[in-house]
Amino acid sequence: MSVLNQHLLSVLIFLPVVGAVAIALSRRESETLQKILGLVFSTAGFALSLLLVRGFQDVAGMQFVERGRWIPAWGISYAVGVDGLSLWLVILTTFLTPLALLGSWSSIDRRVKEFVVFMLLLEAGMIGVFVALDLFLFYVFWEAMLIPMYFLIGIWGHERRIYAAVKFFLFTFAGSVLMLVAFLVLYRTAGVGSFDLAVLVAAPVDPALQVWLFLACALAFAIKVPMFPFHTWLPDAHVEAPTAGSVILAGVLLKMGGYGFLRIAIPLFPEAAVRFAPLIGVLAVIGIIYGALVALVQPDLKKLVAYSSVAHLGFVMLGIAAFTTTGLVGSVYQMLNHGISTGALFFLVGMLYDRRHTRLISEFGGLKAIIPWYTAVFLMISLSSIAMPGFNGFVGEFLILVGSWPFSPTLVVLASLGVILAAGYILWMVKRVFYGEPTNPKNEKLPDLSLREAAVLVPLVALAFFMGVASPLFTKRIEPAADALVVQVQERTRPIAAASLGPVAPPRASRADPAEAQR
Amino acid sequence: MLDDPLLKILPFAILLLPLGGFVVLALFGDWIKRDKEETGAAWLACATVIISFGLAAWTTVRLYGLVAGEGGLRFFQPYLGYEWMEAGGFSVPYSLLVDPLSCVMMLVVTGVGSLIHVYSVGYMAHDEDRVPYFSYLNLFTFFMLLLVLGGNLPLMFVGWEGVGLCSYLLIGFWYRKDSAAAAGLKAFIVNRIGDAGLILGMIFVFHAFGSLDLVDIADNAGSLAPEGLWEFGPATIAALLLFVGATGKSAQIPLHVWLPDAMEGPTPVSALIHAATMVTAGVYMVARLGPLYHVSETAMMTVAVVGAVTALMAATIALVQTDIKRVLAYSTVSQLGYMFLACGVGAFGVGIFHLYTHAFFKALLFLGSGSVIHAMSGEQDMQRMGGLRKRIPWTFWTFLAGTLAIAGIPFFAGFFSKDEILAAALGHPVLLGIGLFTALLTAFYMARLLFLTFFGDFRGGEEAEHHLHESPWVMLVPLILLAIGSAAGGFVKIPEIVQPVFRLGHGHIPHVAWLPVAATLSAIAGILGAYYLYLAMPELRAGLASTFRPALRVFAAKYYWDDVYNGFVRRVVVRGSDLVLWQGVDNRVVDGAVNRTATITGALAEMLRPLQTGFVRQYALLILAGAVALLGYLLWP
């Protein structure tokens with residue numbers, strides 16, 4: 001058991017690769033076997049990832065760390081580990097992958113083998129990004145993950161899949177090339193001869209250079225989030241991607257943007273991060289309102305959900321920009337919530353698409369009378385998405401707003417408009433799709449949820465509810481790491497601010513959130 | 001404070017019973033309703049609420065067994081031992097607050113709630129979706145109880161949002177009707193505007209005062225410096241932000257527009273949610289935070305003025321409605337305005353008093369109108385009614401009790417609470433005047449409703465007359481019990497009971513002898529006016545209508561609120577988002593730039609393409625030329 005624990009993260013990364021190889025070697029015709037193998041490997045990965053939760057200590061600092069030599073000449077090593085910021089994102093990845101495979105059981109009917117292989121490789125890449133502690137390793141996983149996603153959209157997508165796949169690839173690639181340049185410049189200037197994240201964090205860079213390096217990294221991450229105005233690849237990618245692609249894209253891939261800020265951009269370039277925090281906060285709030293307003297007028301269900309992601313992740317970025325412990329915990333929590341609720345919404349839209357081969361809202365109406373269970377699940381996930389208390393979304397948004405108030409009351413007030421608009425775009429869509437008389441004869445004989453579909457959705461609904469009422473079980477694991485990050489950045493930036501470097505934002509009370517709890 | 005182990009458990013049991021009812025009905029409802037009459041599910045839902053009522057009464061008794069603290073206040077805070085959220089010094093425990101105010105609210109919610117559950121057994125007997133109906137009703141009761149029992153603002157907010165959700169589900173209960181679906185959506189979104197204010201209010205309270213616990217807020221408010229008119233200190237900002245939430249939930253100007261449309265829901269829902277309980281949540285919150293509001297003169301004045309203006313405006317709209325439920329809906333908006341008026345002039349206990357009497361008579365009036373609608377086979381237009389007094393006598397007599405109570409006829413419940421409100425407003429002549437005039441209007445529109453419905457000749461068709469029938473006992477018993485409450489409920493001294501909660505001393509309101517007389521006279525004047533215009537001399541109506549045509553047109557148009565809001569949402573929000581943001585910014589500007597970059601890159605590549613001819617000899621020639629040029633450059637002196 002202890003051997004397993006020592007290499008748990010590597011096992012989690014490479015188990016899907018082993019699965020992918022095994023499936024790649026199987027005969028093309030045995031599609032069912034490939035699906036089952038994919039499900040078995042990804043489910044085993046999920047089960048193993050729960051060992052992470054069991055063995056995790058609620059303290060700051062990396063755990064389950066593994067270090068190996070890789071390219072010692074350049075100071076590149078294979079170093080992985082998890083802390084409170086990445087723990088749940090790893091679990092989210094291992095949780096959503098088997099569900100995504102199960103959810104596309106019957107909707108993927110060609111090139112099944114390649115599909116399963118790409119899904120598993122994607123999972124490996126995503127876990128790798130979340131646990132990498134070496135910049136070079138991080139970059140390798142970051143790019144490696146792009147390739148399977150590119151093919152998932154480009155091969156199994158819908159009508160305009162090629163345009164969407166290329167757009168997705170170019171947007172992300174443009175950002176990540178700049179990020180690579182930043183990493184290389186940092187490697188040269190830091191002069192520690194290592195790509196190890198912890199080593200680099202301890203070797204401060206000149207604040208003037210930091211600005212450029214931070215901007216390069218921030219652009220890569222902002223595209224991934226996506227933050228306004230770098231978001232236009234997202235609606236196209238989502239609409240054209242197959243359901244599993246959309247689920248993984250929204251559920252996990254977008255989180256890498258926020259995670260990149262927390263793990264890379266802010267710790268490495270704290271002075272620059274503090275300086276640009278107001279800009280990030282403003283763009284985040286623009287994203288909240290803009291994403292919601294554009295979501296309101298989408299005629300296509302999937303595009304609506306895609307734009308809602310822009311709004312939701314605006315909240316995440318607001319919490320990160322605010323940089324208080326409460327706000328950061330809220331942001332990390334909201335990333336999980338978004339993965340669950342938006343992942344589930346994409347599953348639901350995909351199930352509707354499987355039945356009717358359309359996603360246009362105007363094609364539906366009155367579905368409540370025809371498919372009541374589907375409607376009930378859709379409504380519950382909608383409530384999670386619009387942050388109804390009792391579901392997970394509220395906890396995340398509320399912590400973010402509470403934590404962001406000391407940063408900027410104005411931005412919090414503007415962000416609260418997003419709370420209103422979210423109810424508008426989601427429930428207006430619910431009204432048009434589910435309420436009223438079933439007018440379109442094509443919808444009359446739609447079947448309700450199948451057992452397989454229920455098996456995909458029930459865990460998501462249950463988790464959305466559980467995370468809404470028992471959030472400390474999750475957040476207490478996030479908090480020490482978030483708190484340590486806040487302290488670390490404050491210690492680095494305080495003398496700078498004291499020396500009054502022009503428009504550097506003042507250090508903000510973060511741990512000094514007023515008063516202790518009520519109890 | 002003495003420790004009472006039972007009090008630690010009882011409030012949770014009160015909450016969990018209706019929640020359990022909901023869970024059982026939602027998951028196993030189809031299985032339970034297998035008996036012939038299919039009322040098993042309905043009675044299960046009733047049982048949970050009735051038992052909850054019993055436990056609430058028991059809790060109240062136990063609470064009074066505690067030793068009173070400062071100012072005669074007895075309270076108890078049961079704590080589950082878990083937190084709801086916790087991060088970076090901010091935490092929300094699962095804790096409740098039991099004090100006289102929450103006991104009154106609990107008893108109203110479960111008491112009136114039980115009666116309405118029972119009434120629904122008859123009213124919804126023929127609806128095929130009655131199992132979901134009762135499950136929603138149970139869920140509503142749970143959230144409403146959480147709202148009044150929650151020990152801190154965020155937990156109260158869970159109830160607050162939860163009742164809003166149930167309201168949404170029940171307004172849109174007949175989901176095939178487009179109007180019902182639209183009304184549900186409107187209710188939710190208008191309420192969300194208020195909720196955003198409430199969320200900001202909570203955040204502000206936390207950062208300004210350091211705690212969201214209701215007892216802490218009330219205790220801390222005592223040490224705050226008073227903030228005068230137009231002085232925007234922390235208490236004022238907090239109170240005003242929170243009041244935005246109250247205007248949403250309690251349908252006050254400018255967020256009142258959702259409540260009349262909410263009448264699309266089944267009538268017992270209108271009685272329970274949109275009259276007796278949920279819509280009073282805003283009043284409860286303001287009263288609960290009374291000590292905080294009291295610090296700020298600006299906030300108090302805002303509450304009082306919004307309440308008074310809403311009371312008057314809604315009463316005038318009620319004058320011209322012809323749908324029986326719409327009259328009652330605007331009446332509810334108006335009466336809620338009275339409650340805020342009371343709170344705004346500092347008489348929080350009186351506001352709760354009116355909330356309590358209103359719960360009886362307005363639930364009674366709604367259920368009575370439901371009985372009328374039931375008798376009329378679904379007809380709601382009063383112009384097709386008339387003379388029903390002899391056909392449905394039980395409904396009539398109970399309805400009469402409700403009418404007299406709301407009109408403020410002496411010794412009926414409404415008389416006492418309204419009189420106290422007016423007495424509390426004595427120091428503010430304008431508010432008092434509005435209050436008295438609205439009392440007259442109230443008596444008028446209620447008498448008009450009564451005369452149009454129950455007196456005169458029947459104006460519906462023969463077919464409808466043939467179907468007229470009194471409601472079954474299961475519906476009449478709740479009516480009778482509520483009529484008793486409406487008649488005698490005013491003798492319970494609610495203001496004295498809840499006063500210690502506000503930490504504002506004894507709160508004794510000086511009375512003057514002429515006020516009850518004036519109030520009674522204005523009520524009688526209203527009733528007499530309606531009598532002459534609708535029974536004795538209906539021919540006068542045409543002349544009056546032409547005299548007051550401009551005013552009546554404004555009343556009938558509901559002061560154009562809906563038109564302005566609809567115009568804004570359709571023309572500005574939806575069209576602006578579509579044309580400017582999506583098609584403009586997203587498609588033209590951002591994607592335009594992206595695609596242009598791609599095109600330019602492509603074009604550049606196209607320009608370089610002729611170089612790649614594929615002719616080896618040409619490449620060799622170029623290499624040679626390059627080598628010569630390089631050599632020349634290097635060898636140049």
Side-chain angles (χ1 to χ4, degrees), chain A residues 167 170-171 229 231-232 290 293-294 296-298 324-330 366 368-369 383 388-390 394-395 398-399 401-403 405-406 409 412-413 416-417 419-420 423-424 427-428 431 434-437 469-472 475-476 478-479 482-483 510-511 513-519, chain B residues 79 82-93 95 152 154 157-158 160-162 165 168 172 175-178 180-182 184-185 188-189 192-193 195-197 199-200 202-204 206-213 216 573-578 581-582 585-587 589-591 594 598:
Chain A
K167 199 172 176 184
L170 288 183
F171 257 85
H231 63 277
T232 57
Y290 181 92
L293 284 173
V294 177
L296 193 65
V297 295
Q298 294 307 313
T324 61
T325 304
T326 310
L328 283 190
V329 172
K368 190 171 177 176
L383 296 175
M388 170 69 62
F394 178 76
V395 178
F398 196 65
L399 290 178
L401 292 176
V402 169
W405 184 270
V412 172
V413 171
S416 74
L417 287 179
V419 174
I420 303 166
L427 291 182
W428 188 31
K431 170 180 177 280
F434 297 102
Y435 282 71
E437 286 288 350
V469 295
S471 65
T475 54
K476 74 176 181 197
I478 303 170
E479 187 169 346
D483 202 45
S510 53
R511 268 151 65 81
D513 272 346
E516 270 300 308
Q518 298 106 311
R519 211 165 267 279
Chain B
Y79 172 47
Y82 296 97
E83 317 296 309
W84 176 28
M85 35 180 142
E86 200 175 17
F90 172 79
S91 85
V92 180
S95 71
N152 49 54
F157 187 70
V158 180
W160 184 279
E161 288 281 275
L165 168 66
Y168 163 79
Y175 57 88
R176 288 164 182 269
K177 265 171 78 185
D178 270 332
L185 179 65
F188 200 98
I189 290 173
R192 270 258 149 165
I193 298 173
D195 297 343
I199 289 175
L200 291 174
M202 289 193 285
I203 294 169
F204 184 84
F206 174 71
H207 286 287
F209 307 121
S211 172
L212 289 169
D213 188 275
D216 287 351
V573 178
V574 174
R575 282 197 63 190
S577 302
D578 190 8
L581 296 185
W582 184 35
V585 178
D586 243 53
N587 290 351
V589 181
V590 181
D591 265 3
V594 171

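By convention in this document, chain letters (A, B, ...) are assigned in the order of the sequence lines, proteins followed by strands, and residues within each chain are numbered from 1.
- Rounding to the nearest 0.5 angstrom, the gap separating the CZ atom in B:F206 from the OG1 atom in A:T326 is 6.5 Å.
- The aromatic ring centres of B:W84 and A:F394 sit less than 6.0 Å apart.
- Summarising the geometry of B:G88 relative to A:T325, their closest heavy-atom pair is CA-CG2, 3.7 Å, with the distance given to 0.1 Å.
- Taking all atoms of both residues into account, the shortest heavy-atom contact from A:S416 to B:L200 is OG-CD1, 3.5 Å.
- For chain A, the option among B:D578, B:N587, B:V158 with the highest count of heavy-atom pairs below 4.5 Å is B:D578.
- Using a 4.5 Å heavy-atom cutoff, the side chains of A:S471 and B:E86 are not in contact.
- For chain A, the nearby parts of B:A182 are the backbone and the side chain; heavy atoms of each come within less than 4.5 Å.
- For the atom pair CZ (B:R192) and CE (A:M388), the distance works out to 5.5 Å, reported to the nearest 0.5 Å.
- Between B:H207 and A:V402 the shortest side-chain heavy-atom distance falls below 4.5 Å.
- Not counting sequence neighbours, the partners of B:R176 by the salt bridge (charged side-chain N to carboxylate O under 4.0 Å, His left out) test are A:E437.
- Heavy-atom distances place the side chain of A:L296, and not its backbone, under 4.5 Å from chain B.
- A distance of 6.5 Å separates CG of A:L427 from CD1 of B:I189, quoted to the nearest 0.5 Å.
- Expressed to the nearest 0.5 Å, how far OG1 of A:T475 lies from CE of B:M85 amounts to 10.0 Å.
- Contacts between B:Y82 and chain A at a heavy-atom distance below 4.5 Å are absent for every atom of the residue.
- The CZ atom of B:F204 sits 6.0 Å away from the CH2 atom of A:W405 when rounded to the nearest 0.5 Å.
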Review point. Would B:S577 and A:V297 satisfy side chain to side chain contact (heavy atoms under 4.5 Å, CB included), going step by step from the backbone distance to the final call?
Key: CA-CA 7 Å; B:S577 302; A:V297 295; 3.9 Å; yes
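- Looking at B:L185, only its side chain comes within 4.5 Å of chain A, counting heavy atoms on both sides.
- Between the side chains of B:D586 and A:Y290, at least one donor N or O lies within less than 3.5 Å of an accepting N or O.
- Chosen from A:P229, A:A369, A:A482, the residue pairing most often with chain B at heavy-atom distances under 4.5 Å is A:A369.
- To the nearest 0.5 Å, atom CZ of residue A:F398 and atom CD1 of residue B:I199 are 7.0 Å apart.
- Across every non-hydrogen atom of A:G436 and B:D178, the tightest pair is CA-OD1, 3.8 Å.
- Within the 4.5 angstrom heavy-atom criterion, only side-chain atoms of A:K431, from C-beta onward, approach chain B.
- Partners of B:D591 by salt bridge (charged side-chain N to carboxylate O under 4.0 Å, His left out), not counting sequence neighbours, listed by chain and number: A:K167.
- Contact of A:L383 with chain B is made through the side chain alone, with heavy-atom distances under 4.5 Å.
- Residue A:V412 touches chain B through both its backbone and its side chain, counting heavy-atom pairs closer than 4.5 Å.
- No part of B:V589 comes within reach of chain A, as not one of its non-hydrogen atoms sits under 4.5 angstrom from that chain.
- Between A:L293 and B:V573, some side-chain heavy-atom pair lies under the 4.5 Å cut-off.
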